[in-house]
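For reference, the structure discussed in these notes is given below.
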Amino acid sequence: MKVSIGHGMDGSPVHVQTTTDRVVVLLSDPGQGKTTLARYLTRWWIADPRRTARIFATRPHEYTDLMTVRSVVVLPLVDVDRALVAPSSRELTVIDTVDTVPVPTARLVAHRQVRADDLTIVTSSGHVARELEPDGCRRLGLVTRPPGGRPLTAAPRRSDGWDGLQGRLDWPSDVEAVVPDIRGARDLPVHRWQVIDRAAG
């Protein structure tokens, strides 16, 4: 499954390829869309009824709508040790905000033996992501979109008012910079409180 998630710094599309990517690390400062993207990829994953998903999150309520899906299990991040159990075939494992997990545990979870049809998504603000072994990990650094939605260039200028590259100096050298696609009102996932806010407005 090839899922489009945004564009690179040169404007080329960026995809998550679930047939080849085994561990995808979503890396950014807080509030840049890591959880939203993890939810979006989870929705894509479970669109195939043969697939399942386990989600370990610091804020499980952000996955409330997925808790009603029979093939999805949502657990608090304190239960992340359960992720060390060998996943079933065609299973997605999401570790949301891995930075609160002890580094040895994070390494074990990210690099555990998985089947060829399994996928692990890890979100991080940088601390633990730097400690993960690069082998087998695809690290995607989420950066903000230029003001006004202007097209990307290979070398965006801060004089244009875009500071989207802030923080990249702390990223591992193998991180791919990605400007995530803007999710519209009809795109899934949509947080329940966003639906309420739109209805009220």
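No hydrogens, no waters, no symmetry mates; every other heavy atom, side chains included, goes into these values.
Here the side chain of Trp45 pairs no donor or acceptor atom with the backbone of Ala53 at under 3.5 angstrom. Of the possible donor and acceptor atoms, one in the side chain of Asp99 sits under 3.5 Å from a partner among the backbone N and O of Val128. Under a 3.5 Å cut-off, the side chain of Ser12 and the backbone N or O of Gly8 do not form any donor-acceptor pair.
Taken to the nearest 0.5 Å, the CD atom of Gln17 stands 6.5 Å off from the NZ atom of Lys2. Atom-to-atom distance recorded for Ile46:CD1 and Arg51:CZ is 11.0 Å, nearest 0.5 angstrom. Atom SG of residue Cys137 and atom CG of residue Leu27 lie 11.5 Å apart, to the nearest 0.5 angstrom. With rounding to the nearest 0.5 angstrom, the CZ atom of Arg22 is 8.5 Å from the OG1 atom of Thr120. The distance from atom OG1 of Thr93 to atom CZ of Arg82, rounded to the nearest 0.5 Å, is 13.0 Å. Taken to the nearest 0.5 Å, the OG1 atom of Thr36 stands 10.5 Å off from the CG atom of Leu26.
Across Leu75, Leu66, Val74, a single residue satisfies side-chain contact (heavy atoms from CB on, under 4.5 Å) together with Pro60, and that is Val74. Checking Leu41, Val179, Asp181 one by one against Ile5, the side-chain contact (heavy atoms from CB on, under 4.5 Å) holds for a single residue, Leu41.
Contact of the Thr52 side chain with the Leu92 side chain is not registered, since no non-hydrogen atoms from C-beta on lie closer than 4.5 Å. For the pair Leu108 and Thr105, the minimum side-chain heavy-atom distance is 4.5 Å or more. Using a 4.5 Å cut-off on side-chain heavy atoms (C-beta onward), Arg59 and Thr35 make contact. In this structure the side chain of Val178 never reaches within 4.5 angstrom of the side chain of Val143, judged on heavy atoms.
Scanning for salt bridge (Lys or Arg N to Asp or Glu O under 4.0 Å) contacts around Arg70 gives an empty result, with sequence neighbours left out.
When all heavy atoms of Tyr40 and Ser4 are compared, the pair lying nearest together is CE2-O, 4.3 Å. Closest heavy-atom contact between Ala106 and Val101: N-CG1, 3.8 Å. Residues Thr100 and Thr97 share a closest heavy-atom pair of OG1-O, 3.2 Å. In terms of heavy atoms, Phe56 sits closest to Pro76 at CD2-O, 4.1 Å. The shortest heavy-atom contact between Asp29 and Lys34 is O-NZ, 3.2 Å. Here the closest heavy-atom approach between residue Pro49 and residue Ala47 is recorded as CD-O, 3.3 Å.
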Fill in: Working for side chain to side chain contact (heavy atoms under 4.5 Å, CB included), residues Val175 and Leu140
CA-CA 6 Å; Val175 172; Leu140 304 175; over 6 Å; no
Worksheet item: Please walk me through it: do Val24 and Val122 pass side chain to side chain contact (heavy atoms under 4.5 Å, CB included)?
Response: CA-CA 6 Å; Val24 175; Val122 175; over 6 Å; no
Discussion item. Between Asp96 and Arg39, is the salt bridge (Lys or Arg N to Asp or Glu O under 4.0 Å) condition met? List the steps.
Written reply: CA-CA 10 Å; Asp96 196 349; Arg39 286 168 45 83; over 6 Å; no
Worksheet entry | Criterion salt bridge (Lys or Arg N to Asp or Glu O under 4.0 Å) on Arg138 and Glu176, from CA distance to verdict | CA-CA 8 Å; Arg138 183 177 180 205; Glu176 301 172 51; 2.8 Å; yes
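Remark: Asp79 does not engage Arg54 in a salt bridge, criterion side-chain N to carboxylate O under 4.0 Å.
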